[in-house]
Amino acid sequence: MNTSIAAPLAYRVTPSDHARSAEQRAAILDGDLGFGTIFTDHMVSIEWDKSRGWHDAQVQAYGPLALDPAAAVLHYGQEIFEGVKAYRHADGSIWTFRPQANGARMQHSAARLALPQLPVDEFVESLRQLIAIDHAWVPSKPETSLYFRPFMIATEAFLGVRTAQAAAYHVIASPAGAYFANGVAPVSIRVSQDYARAAKGGTGAAKCGGNYAASLLPQQAARAHGCSQVLFLDPVEGKYLEELGGMNVFLVYADGRIVTPELSGSILEGVTRSSILQLARDRVMRVEERKVPIDEWKTGVASGEIPEAFACGTAAVVTPIGELKGRDFSVGDINAPAGEVTMSIRNELTDIQYGRIPDRHGWLVKLR
């Protein structure tokens, strides 16, 4: 598969002829942004085919994509995506957090889904190109950011079951507020005991749409039971923690340990997850990545051995878990305040992202 680029891609920039006015944009950014419902004026597009490799990079007006009805993505789900954020610092500059890690993960996802691998440098450059024209869309209110959604789809019009010979990479962006409606507050989680998020040997370690599609029905069931998210168990024995519908999970123990499920091949390696592990090690906390039985969490909450638990991901950053519900049990208190360790880690991570404290690991990349 021809994925190399002899020289950096040259972008063609075509400003939108229907971009929102400064007044319209200011009104939008001053309102309730929510998550993933508002989009900026432009997007990035890069084409790929087997003979030419990556080509035709451009920044153009945000708008519908033209796809042949036989495009492989519509029939076989050959699609991957990422989530990255841009943060406006107090001096007005714009930074993003560990985009190289997202670019490397996208390459891993592409390999698993038999899609071309975009070079990491070009991945980062695509974010910079979009910010160059849509920088005014990066909000400045507390707990806000610009959420990038890079994604890649197979575009070849062919109904045979094989690797597509053409693909397209795009980046869209959305000014975002809190991921959960209640902001940074403990959430209730329901354990899915009937469904698995991903199978052993499947695509669980790749960030592809099929994994999330598989989570929607159990997520719907969780909401019917008054829960904000669903927790999946391992697909083999059905007794070990895996991850939430779109986030990794951590347990905080009373003896100072912080524990998260080990990467099993069916768990997505979260960038936020790895960042939290580093911050915990910086604090000389005892960090464990291992198999975690659901019964250990259940009994640990009841006994007080596990006083805190939280979920993490790019969109929500760190979200306290207040209550865990199963088919025949419920532990924790949704009305209890967020845990001290949880909020301390969240505050440190967001302080780095927003430039309020030094970035000692060199995680931040300036976009503008």
Novice: Look at the side chain of Arg98 and the backbone N and O of Leu364, then say whether any donor-acceptor pair between them is shorter than 3.5 Å.
Specialist: no
Novice: Going by ring-ring contact (aromatic ring centres under 6.0 Å, His included), name the residues that satisfy it together with His55, two or more places apart in sequence or in a different chain.
Specialist: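 Testing His55 for ring-ring contact (aromatic ring centres under 6.0 Å, His included), a comparison that skips the adjacent residues, returns none.
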Novice: For Asn102 and Gly83, work out which heavy atoms get closest and say how close.
Specialist: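 Nearest pair, atom of Asn102 first, then Gly83: ND2-O, 3.1 Å.
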Novice: Would you say Tyr212 and Gln219 are linked by a side-chain donor-acceptor pair, where the criterion is simply a distance under 3.5 Å?
Specialist: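 No, no side-chain donor-acceptor pair sits under 3.5 Å.
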Novice: With Ala57, which residues qualify under side-chain contact (heavy atoms from CB on, under 4.5 Å), at least two apart?
Specialist: Leu9, Tyr11, Ile46
Novice: With sequence neighbours left out, write down each residue that passes side-chain contact (heavy atoms from CB on, under 4.5 Å) with Pro320, or none if nothing qualifies.
Specialist: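 Applying side-chain contact (heavy atoms from CB on, under 4.5 Å) to Pro320 gives Val184, Pro186, Ala338, Thr342, Met343.
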Novice: For the pair Trp54 and Tyr169, name the ring-plane relationship: parallel under 30°, tilted 30 to 60°, perpendicular over 60°.
Specialist: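 Ring orientation, 0 to 90° scale: perpendicular.
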Novice: Would you say the side chain of Trp137 lies within less than 4.5 Å of the side chain of Ile131, judging by non-hydrogen atoms?
Specialist: no
Novice: In the structure I gave you, are the side-chain heavy atoms of Leu251 and Trp297 within less than 4.5 Å of one another anywhere?
Specialist: yes
Novice: List the residues meeting side-chain contact (heavy atoms from CB on, under 4.5 Å) with Ser21, not counting sequence neighbours, and say none if there are none.
Specialist: Glu23, Gln24
Novice: Applying salt bridge (charged side-chain N to carboxylate O under 4.0 Å, His left out), can you list everything that pairs with Arg112, at least two apart in sequence or on another chain?
Specialist: none
Novice: Indicate yes or no for a side-chain donor-acceptor contact from Glu308 to the backbone of Glu340 under 3.5 Å, with no hydrogens or angles considered.
Specialist: yes
Novice: Knowing that exactly one of Ile267, Leu241, Val271, Ile276 qualifies, which makes a side-chain contact (heavy atoms from CB on, under 4.5 Å) with Asn248?
Specialist: Ile267
Novice: Considering residues at least two apart in sequence or located in another chain, which fulfil the side-chain contact (heavy atoms from CB on, under 4.5 Å) criterion with Asp295?
Specialist: Lys298
Novice: So is Lys85 actually on top of Tyr147's ring, under 6.0 Å and inside 45° of the axis?
Specialist: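 Because its charged atom misses either the 6.0 Å distance or the 45° angle limit, Lys85 does not stack over Tyr147.
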Novice: List the steps and the verdict of salt bridge (charged side-chain N to carboxylate O under 4.0 Å, His left out) for Arg20 and Asp41.
Specialist: CA-CA 7 Å; Arg20 267 71 59 93; Asp41 295 313; 2.7 Å; yes
Novice: For Gln165, does its backbone N or O pair with a side-chain atom of Asp49 as donor and acceptor, under 3.5 Å?
Specialist: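 No, because the side chain of Asp49 does not come within donor-acceptor range (under 3.5 Å) of the backbone of Gln165.
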Novice: Considering non-hydrogen atoms only, spot the tightest contact between Gln117 and Ala110 and give its length.
Specialist: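 Gln117 and Ala110 have their closest heavy atoms at CG-CB, 4.0 Å.
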Novice: Just by distance, no angles: are the side chains of Ser274 and Glu269 close enough, under 3.5 Å, to form a donor-acceptor pair?
Specialist: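 No pair is found: no donor N or O on one side chain lies under 3.5 Å from an acceptor on the other.
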Novice: Examine the side chains of Ser16 and His42 and answer whether a donor and an acceptor come within less than 3.5 Å of each other.
Specialist: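 Distance-only check fails for Ser16 and His42.
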Novice: Whether the side chain of Glu79 engages the backbone of Val73 through a donor-acceptor N/O pair (distance < 3.5 Å, no angle test) should be reported.
Specialist: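 Not at all, since once roles are kept as given, no pair shorter than 3.5 Å links the two residues.
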Novice: Identify whether the distance between the nearest side-chain nitrogen and carboxylate oxygen of Arg12 and Asp56 falls below 4.0 Å.
Specialist: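 The answer is yes: the pair qualifies as a salt bridge.
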Novice: Would you say Ser45 and Gln60 are linked by a side-chain donor-acceptor pair, where the criterion is simply a distance under 3.5 Å?
Specialist: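 Indeed, the side chains of Gln60 and Ser45 share at least one donor-acceptor pair under 3.5 Å.
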Novice: Sequence neighbours excluded, which residues qualify as salt bridge (charged side-chain N to carboxylate O under 4.0 Å, His left out) partners of Arg197?
Specialist: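 Arg197 satisfies salt bridge (charged side-chain N to carboxylate O under 4.0 Å, His left out) with Glu243 only.
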Novice: If you define the side chain from C-beta out and look only at heavy atoms, does anything of Thr40 sit under 4.5 Å from Tyr62?
Specialist: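 Heavy-atom side-chain distance check fails, nothing below 4.5 Å.
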Novice: With a 4.5 Å limit on heavy-atom distance, are the side chains of Phe310 and Val249 in contact?
Specialist: no
Novice: Might you work through the side chain to side chain contact (heavy atoms under 4.5 Å, CB included) test for Phe329 and Val191, ending with a clear yes or no?
Specialist: CA-CA 10 Å; Phe329 70 90; Val191 181; 4.2 Å; yes
Novice: Using only atom types and a distance under 3.5 Å, with no angle test, would you say the side chain of Lys141 pairs donor to acceptor with the backbone of Gly31?
Specialist: yes
Novice: For the pair Val84 and Leu127, evaluate side chain to side chain contact (heavy atoms under 4.5 Å, CB included) and give the outcome as yes or no after the intermediate values.
Specialist: CA-CA 9 Å; Val84 191; Leu127 308 182; 4.1 Å; yes
Novice: I'd like to know if Arg346 pairs up with Glu143 as an ion pair, taking the criterion as any Lys NZ or Arg NE/NH1/NH2 lying under 4.0 Å from an Asp or Glu carboxylate oxygen.
Specialist: yes
Novice: For Glu242, what residues pass the salt bridge (charged side-chain N to carboxylate O under 4.0 Å, His left out) criterion, not counting sequence neighbours?
Specialist: none
Novice: Knowing that exactly one of Met106, Glu82, His108 qualifies, which makes a side-chain contact (heavy atoms from CB on, under 4.5 Å) with Lys207?
Specialist: Glu82
Novice: Does Val44 offer a backbone N or O that forms a donor-acceptor pair with the side chain of Gln58 under 3.5 Å?
Specialist: no
Novice: Other than Phe158, which residues form its hydrophobic cluster under the rule that side-chain heavy atoms must be closer than 4.5 Å?
Specialist: none
Novice: Give, for atom CD of Glu296 and atom CD of Glu305, the distance between the pair rounded to the nearest 0.5 Å.
Specialist: 7.0 Å
Novice: Tell me every residue that passes side-chain hydrogen bond (donor to acceptor under 3.5 Å, both in side chains) with Glu348, counting only those two or more places apart in sequence or in another chain.
Specialist: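 Applying side-chain hydrogen bond (donor to acceptor under 3.5 Å, both in side chains) to Glu348 gives Arg283, Arg360.
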Novice: Quick one: list whatever passes salt bridge (charged side-chain N to carboxylate O under 4.0 Å, His left out) with Asp194, sequence neighbours left out.
Specialist: Arg327
Novice: Considering residues at least two apart in sequence or located in another chain, which fulfil the side-chain hydrogen bond (donor to acceptor under 3.5 Å, both in side chains) criterion with Ser93?
Specialist: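 With neighbours one apart ignored, the set is Asp91, Trp95.
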Novice: Can you list the steps and then say if Val252 with Val259 is a side chain to side chain contact (heavy atoms under 4.5 Å, CB included)?
Specialist: CA-CA 6 Å; Val252 180; Val259 178; over 6 Å; no
